[in-house]
Each structure stands twice: as structure tokens, then as C-alpha cells.
Peer 1: 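Please find one structure pasted underneath; my questions will follow.
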Amino acid sequence: MHMSKLRVHLLGVLVLVTGFVTTVGSQPARADTLWFDSPTSTTLTVQNGRFTDALGREVVLRGYNVSGETKLKENNGLPFASVADAKKSATALRALGGGNSVRFLLSWAYAEPVRGSVSSSYLAAATAQMGAFLDAGIRVYPDFHQDLYSRWLFDSDSWYTGDGAPKWAVDLGNYPDEYCGICPFWGQNITSNAAVTKATYDFWHNTYGIQDSFLDTAQKTMAYLKQNLTSAQFTGVVGFDPYNEPHFGTLDSGQTSRAWEKDVMWPFYVKFRARMDTAGWQDKPAFVEPNLFWNANIDFQKQEGGLLDAGTIGPRYVFNTHFYDQKAISGVFMWGKAEDGQYATDMGTIRDRAAAGGTAGIVSEFGHPLNGNVSDKAPTVLKAMYQGLDSRVKGASWWANASGSGPVLSGSQWQWDIYNGRHHELMNDNPDKVLTTGDAWNDEDLSAVRLDDSGTAVLRQDARMLDRVYPGATAGTTLAFTYEDRSRDGSTTLTWNPVPSSLPNVSTLVGSGQYGVLVWRSKGISAPTELHLPASFPTATTTVVSDLGTVYGPPAYTSTTPIAAGTDPGNTGSRRLLLTAPDSGVLHYALVTNGATAPSATVLNAARAELASWAAQEFS
């Protein structure tokens with residue numbers, strides 16, 4: 001009871017200090033679909049190490065994990081209690097959170113409750129809920145999720161729980177009684193709980209044929225999705241994440257984590273890839289994760305890996321990893337707040353590993369607790385993580401070294417759970433341990449959203465940080481991107497990328513507002529480059545300065561309007577800036593800001609001249 005009250009108090013403080021509690025209002029009528037929004041045009045593949053649509057545009061996926069509710073029994077392994085709730089969540093994710101994609105969690109336990117028998121009712125409900133996101137114009141990559149292997153490894157009075165494998169899979173093994181010892185963090189069960197390590201080992205070594213059963217269920221699930229989603233919906237499914245946070249459990253004698261990845265984990269992915277092909281997913285990549293601890297930022301946790309021996313995995317696979325700042329989460333190894341460029345090296349390593357594999361990269365989980373004794377770090381940690389996704393150059397150096405930015409990374413924040421703080425979960429089926437607060441799972445509290453007392457979705461984090469400018473589609477090769485969100489840490493505005501004094505007119509335009517800059521080289525694509533416009537960028541008061549022109553209040557899109565605005569498909573009210581440059585091999589730049597108020601033509605033209613000179617010098 002004391003902890004519950006403390007959570008409520010801290011949540012109230014968090015909402016107060018982060019500033020924005022934003023709600024979904026009424027939505028405008030559906031706009032006509034623009035020609036480049038057709039399912040055929042938006043089909044994604046991986047080309048030249050980037051997600052690419054059928055029009056040749058580089059695509060960046062940004063969004064959230066939907067949802068940790070899948071890890072609970074509350075709704076029987078489904079993200080939502082109903083399709084109506086799924087639609088509400090999808091609309092909010094698009095309109096409030098600025099997302100264009102989700103990692104959609106599925107449960108093996110509920111998909112195959114009886115060995116060899118896939119639950120059609122579970123798959124039907126999951127498919128309908130997934131369809132709500134696809135209909136909202138949100139791309140989806142499903143994930144068969146597991147943590148600590150299975151909830152049925154844990155005693156009814158345990159401090160912890162898991163999710164993933166069905167009860168029958170646990171019953172096959174004679175696993176020891178679960179015990180983690182002195183484990184202040186649930187993740188320590190991964191390496192310290194013998195029940196978890198032995199069961200995990202059995203999965204990877206196909207003991208009792210468990211891995212074969214999982215692959216059978218995965219294939220049947222993918223076949224069901226292909227058959228029961230409409231063709232337009234299925235186009236929006238971009239791939240499949242086979243296994244969340246893989247870890248070996250225990251190693252064989254003399255085996256290293258790197259050898260385990262090569263000899264045990266990678267063959268599993270090859271098998272999964274074959275099952276995708278059989279299920280009709282030949283043209284969609286497998287979003288494969290390396291060993292969980294390959295990029296841990298605490299030395300004693302780090303394990304060699306990162307698909308170092310997989311070679312050029314190519315476009316049928318995506319390098320898919322997670323990143324959490326374990327130093328910050330520990331409360332011991334990082335005492336202060338995150339700073340400008342804190343994760344530039346970590347995110348740069350992810351870019352490098354994806355490039356070495358000849359494929360695209362995505363950070364399918366990142367985040368930080370919003371409750372507890374390290375929650376004060378969340379505003380800076382999340383800002384620094386998004387900054388690292390946008391560019392491998394820190395803010396203070398960006399204007400002087402923009403050409404070193406690298407590709408913009410795709411990412412899915414953990415997590416988007418509209419039921420946050422309103423759960424009713426019987427932990428490990430114990431009627432005396434009903435969890436209602438936070439995420440209702442192992443004392444976690446990371447959801448960016450919740451429902452207020454009226455049932456309206458509201459953000460729990462600063463909208464300035466979550467709802468961001470980012471290049472959803474670039475008609476050419478992205479050379480550099482940055483976004484200064486001006487998000488808050490308490491009452492302090494965090495400005496890590498100020499416009500330099502060498503660009504005085506650009507600085508005047510931006511003022512104290514938010515701004516983004518994209519630099520790209522065209523490839524003869526008639527479809528426009530798309531930048532997401534956050535709610536904080538009303539169309540009528542958004543300023544764009546580009547080699548394509550200067551505009552205050554972009555007009556509605558036409559194919560002959562170089563700088564325009566339009567709604568996103570899906571009727572959620574989400575909007576985008578559309579920049580049309582059908583030439584080839586030409587260097588283009590665009591600055592978009594909400595800081596100006598009816599700027600004069602003189603200032604706009606002077607800012608354009610400054611940016612032109614800067615771009616020519618930086619990208620010559």
C-alpha cells in the first residue's frame with residue numbers, strides 16, 4: 001500500500017516537471033490518399049543498407065513497442081482488451097507520439113496453449129488488433145516476446161515473473177525451483193536464476209523438440225496473418241522479430257558467447273527465415289537480435305557478440321538490437337544526468353554493425369524508468385537516445401561536422417501501454433498479489449502514455465521530446481539530420497544543438513523554437529521527401545528554409561509544389577512536410593522550425609543564403 005501511494009505521488013511529480021500532459025482531441029475528416037501512399041508504393045525492403053520503399057525513398061521507422069500488456073495474463077497475452085482500445089491506442093500513438101511504426105508483441109504461450117495446437121481465437125484477436133494500427137497508417141513488425149523464458153517457471157509468491165513459453169514447455173523440463181539470490185533488478189534472473197538459465201539452454205538446444213514447436217507455431221502465426229490481414233494491411237507489415245533478447249542461458253564447456261551466436265543462435269535464425277518464406281513472407285526481412293549483452297555499457301555485463309561471425313547477412317535480415325543505459329538505471333554507476341552526445345558512440349556502433357552486415361539497423365527497444373529513484377534521469381537519457389538515433393555527431397559539434405552524421409537510425413521506444421497504472425494483473429496467478437500500478441510487470445514503469453480518468457490517452461513524458469521532426473521518407477540519399485527538440489528536464493530547457501553564431505539569420509528565425517535540418521542528395525525520384533510535423537509545428541506557422549524555396553505556412557501538396565504540407569494516411573490528424581525534388585545527384589537541404597512569427601522575406605532569403613553556403617562547404 002505504501003509503495004502504491006509512492007508511485008502515484010511520483011507520477012504526479014513527473015507529469016508536473018516534464019510539462020506536457022497532452023490529449024488527443026477531435027480528428028479532422030479523412031483526407032484523400034496521395035498518390036505516393038498506395039500500398040504498392042509503400043512496400044518496404046532493405047536496399048543498400050537502408051529501409052527503402054517501392055519508390056526508392058529511404059524510410060526511417062520511428063515509434064514504440066505495443067505493448068507490455070502482452071507480457072501479462074490480464075488480457076490473455078494480447079496487447080489490448082478490445083479492438084476499440086487498439087484503435088484508441090493507434091490514434092494516440094500517431095497523433096501524440098508522432099510514431100509511424102510499432103513493434104507489436106505476440107505471446108507464444110497464448111498462441112500455442114496446447115502443444116501442437118495453435119489457438120485460432122488468439123490469432124484472430126491479435127490480427128484484428130494489429131489491423132487497427134495498420135489502418136491508422138502505422139507500419140508493424142511483430143515480435144514473439146519472451147523475458148525470463150516463461151511465467152510458469154516462477155512460484156506464485158515469487159518476487160518476479162516471466163513471459164514467453166507455454167506451460168507445457170516448462171512442464172517438460174525438470175527445472176529447479178526458481179531463485180535469484182540477491183537480485184535488486186529483475187533482469188539479473190537471466191544469468192542468476194538456474195530455472196531460467198536451464199530452460200533457456202533447453203530451448204536453444206531443442207531439448208524435447210521445444211524449438212521445433214516454436215518454429216511450427218511461428219510459421220502458422222505468420223501464415224494466419226498473411227491470410228487474414230487485407231492485402232493493403234499486409235503491405236504495412238515490414239518484417240518479423242523472431243526472438244526477444246536472446247541469451248544462451250548457460251554455455252557449453254569451452255564455448256564463448258561469440259561462438260554461441262555463430263553456432264547456436266544464427267542457425268535458429270536461418271530456420272526462422274525459412275519458415276517466413278514458407279508462410280509467404282519471402283519479401284519481408286527477419287529482424288534478428290544479437291546476444292542481449294553484446295552492447296551492455298557496464299563492463300562486467302558485456303559479452304562479445306553482435307553477429308560478428310554472421311558475415312554479410314544482407315537484405316533478408318535486419319540488424320535489430322536494444323539499448324538501455326544500464327549505468328543510468330543502476331543508480332550506482334552514473335550519478336548525474338545524461339549529456340549532449342552521451343550515446344553517440346553506442347549508436348554509432350549499431351550503425352557500424354548494421355553496415356558490416358550489409359543491411360539496415362533498428363533499435364527495437366530503448367527507454368528509461370519513469371518511476372523510482374533513477375526516474376529523474378529520464379528526460380536527459382531519452383533526449384540523448386533520440387539524439388543518438390538522429391545522428392552520430394553530438395549537438396555541440398553537429399554544424400561543424402554534419403557530414404559525419406551517418407544514416408538516421410530507426411527505433412521503437414519501450415513502451416506504449418494505455419493501461420499504465422490501471423492494470424489488474426494477478427502476478428503468477430496469485431490472487432493475493434494483484435498488480436495495478438506502473439506496467440504491472442516486475443515493478444517496471446516505462447510507458448510513455450496512459451489513460452486519464454475520462455479514458456482519453458495522455459502523454460506521461462514531454463511531448464517536445466516524443467513528438468519529433470524526423471525524415472519518414474527521403475527521396476534520395478540522406479547525408480545528415482538533426483533535431484533540437486528543446487525538451488525539458490524539470491523547468492530547464494535542454495538545448496544541446498544551438499544554431500551557431502556564424503549563421504545569424506538562421507539563428508534569428510529559429511529563436512527559442514524547435515528546429516530540424518535534413519541534408520540529402522537526390523536520386524531522380526518524383527515522390528516527395530517526408531518530414532514528420534509534430535503537433536507543436538502548426539502548419540500555418542511552420543517556417544521552411546530550403547534550396548527549394550522559403551515558405552512560412554506551407555500550402556497543401558501538389559506534385560508541382562516543391563514545399564508543401566499534408567496529412568498522413570490513417571485519419572489520425574498526423575501531418576508531414578513534403579519536399580519535392582525530382583532531379584538527380586543534386587545536394588538539397590531543408591530547415592524546418594516553429595520559432596518564427598511571420599518572418600520577413602529579407603530574413604528568409606538571408607537565412608537561405610547562409611544555409612546554402614554552409615551546405616556547400618560541409619558537403620562539397
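Because only heavy atoms are used, hydrogens play no part in the values below, and waters and symmetry mates are left out as well, while side chains stay in.
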Peer 1: Tell me if the NZ atom of K220 is crowded by more than 12 foreign heavy atoms within 6.0 Å.
Peer 2: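 Check passes, neighbour count above 12.
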Peer 1: Quick check on N48: does its CG atom have over 12 non-hydrogen neighbours (other residues, nucleotides or ligands) under 6.0 Å away?
Peer 2: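 Counting neighbours around CG of N48, 12 or fewer heavy atoms of other residues, nucleotides or ligands fall under 6.0 Å, so no.
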Peer 1: F240 pairs by ring pair (Phe, Tyr, Trp, His ring centres under 6.0 Å) with which of Y269, F272, F104?
Peer 2: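 So, applying the ring pair (Phe, Tyr, Trp, His ring centres under 6.0 Å) to F240 and each of Y269, F272, F104, only F272 qualifies.
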Peer 1: Taking atom types as modelled, is there a side-chain donor on R488 or T493 under 3.5 Å from an acceptor on the other?
Peer 2: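 Their side chains do contain a donor-acceptor pair, which is all the 3.5 Å distance test asks for.
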Peer 1: Against F366, only a single residue in Y324, F323, Y386 fulfils ring pair (Phe, Tyr, Trp, His ring centres under 6.0 Å); can you say which?
Peer 2: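 With F366 as partner, Y324, F323, Y386 yield a single ring pair (Phe, Tyr, Trp, His ring centres under 6.0 Å), made by Y386.
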Peer 1: Closer than 4.0 angstrom, basic N to acidic O: yes or no for K71 and D147?
Peer 2: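 So K71 pairs with D147 through a salt bridge.
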Peer 1: Using a strict 4.0 Å threshold on nitrogen-to-oxygen distance, state whether R576 and D37 make a salt bridge.
Peer 2: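 Between D37 and R576 there is a salt bridge, with a charged N closer than 4.0 Å to a carboxylate O.
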Peer 1: Any idea how Y149 and W108 line up, ring-wise: parallel (<30°), tilted (30 to 60°), or perpendicular (>60°)?
Peer 2: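 Rings of Y149 and W108: perpendicular, as their planes differ by over 60°.
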Peer 1: Supply the atom-to-atom distance E444 CD to N420 CG, rounded to the nearest 0.5 angstrom.
Peer 2: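 Those atoms lie 11.5 Å apart.
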Peer 1: Evaluate side-chain contact (heavy atoms from CB on, under 4.5 Å) for E289 paired with N320, printing each intermediate quantity in order.
Peer 2: CA-CA 5 Å; E289 301 185 34; N320 167 24; 3.2 Å; yes
Peer 1: Is there a donor-acceptor contact under 3.5 Å linking the side chains of T572 and S574?
Peer 2: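 Side chains of T572 and S574: no pair found under 3.5 Å.
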Peer 1: Among side-chain atoms of S410 and R62, is any donor-acceptor pair under 3.5 angstrom?
Peer 2: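 There is no such pair (donor and acceptor under 3.5 Å, judged by atom type) between the side chains of S410 and R62.
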Peer 1: Can you list the steps and then say if T161 with N428 is a side-chain hydrogen bond (donor to acceptor under 3.5 Å, both in side chains)?
Peer 2: CA-CA 6 Å; T161 190; N428 298 319; 2.6 Å; yes
Peer 1: Just by distance, with hydrogens left out, do N228 and T127 show a side-chain donor and acceptor under 3.5 Å apart?
Peer 2: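 Side-chain D/A pair, N228 to T127: absent.
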Peer 1: For the pair R94 (side chain) and G137 (backbone), establish whether a donor and an acceptor sit closer than 3.5 Å, ignoring hydrogens and angles.
Peer 2: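 The answer is yes, because a donor-acceptor pair under 3.5 Å joins these two groups.
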Peer 1: Step by step, would you call Q413 with N65 a side-chain hydrogen bond (donor to acceptor under 3.5 Å, both in side chains)?
Peer 2: CA-CA 6 Å; Q413 183 176 328; N65 281 262; over 6 Å; no
Peer 1: Will you find, in the side chains of Y483 and Q514, an N or O donor that is under 3.5 Å from an N or O acceptor?
Peer 2: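 Side chains of Y483 and Q514: pair found under 3.5 Å.
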Peer 1: Looking only at side chains, do Q47 and T52 share a donor and an acceptor under 3.5 Å apart?
Peer 2: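 Their side chains do not contain a donor-acceptor pair, so the 3.5 Å distance test is not met.
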Peer 1: Under 30°, 30 to 60°, or over 60°: which ring-plane class applies to H145 and W414, parallel, tilted or perpendicular?
Peer 2: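 Aromatic pair H145/W414 classed parallel.
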Peer 1: Pairing donors with acceptors under 3.5 angstrom, does anything connect the side chains of N295 and H322?
Peer 2: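 No, because no side-chain N or O of N295 sits under 3.5 Å from a partner of the opposite role on H322.
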Peer 1: Is it the case that the side chains of W441 and E69 hold a donor-acceptor pair, with the cut-off being a distance below 3.5 Å and no angle test?
Peer 2: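 No, no side-chain donor-acceptor contact under 3.5 Å.
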Peer 1: Any luck finding a side-chain donor-acceptor pair between S41 and S38 under 3.5 Å?
Peer 2: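 Result is yes, a qualifying pair exists.
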Peer 1: What are the two closest non-hydrogen atoms of D467 and L96, and how far apart are they?
Peer 2: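 Scanning both residues completely, I find the closest heavy atoms to be CB-O, 3.4 Å.
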Peer 1: Return yes if a side-chain donor-acceptor contact under 3.5 Å exists between D85 and Y419, otherwise no.
Peer 2: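 Yes, side-chain donor-acceptor contact under 3.5 Å.
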Peer 1: Can you check side-chain contact (heavy atoms from CB on, under 4.5 Å) on W520 and E58, steps first, answer last?
Peer 2: CA-CA 10 Å; W520 75 102; E58 294 178 354; over 6 Å; no
Peer 1: Under 3.5 Å, is there a donor-acceptor pair between the D417 and S447 side chains?
Peer 2: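 No, because no side-chain N or O of D417 sits under 3.5 Å from a partner of the opposite role on S447.
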Peer 1: Does the cation-pi check pass for K284 over F234, that is, NZ or CZ under 6.0 Å from the six-membered ring centre and within 45° of its axis?
Peer 2: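 Yes.
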Peer 1: Going through the distances and angles, do Y317 and F287 end up as a side-chain contact (heavy atoms from CB on, under 4.5 Å)?
Peer 2: CA-CA 6 Å; Y317 298 90; F287 285 55; over 6 Å; no
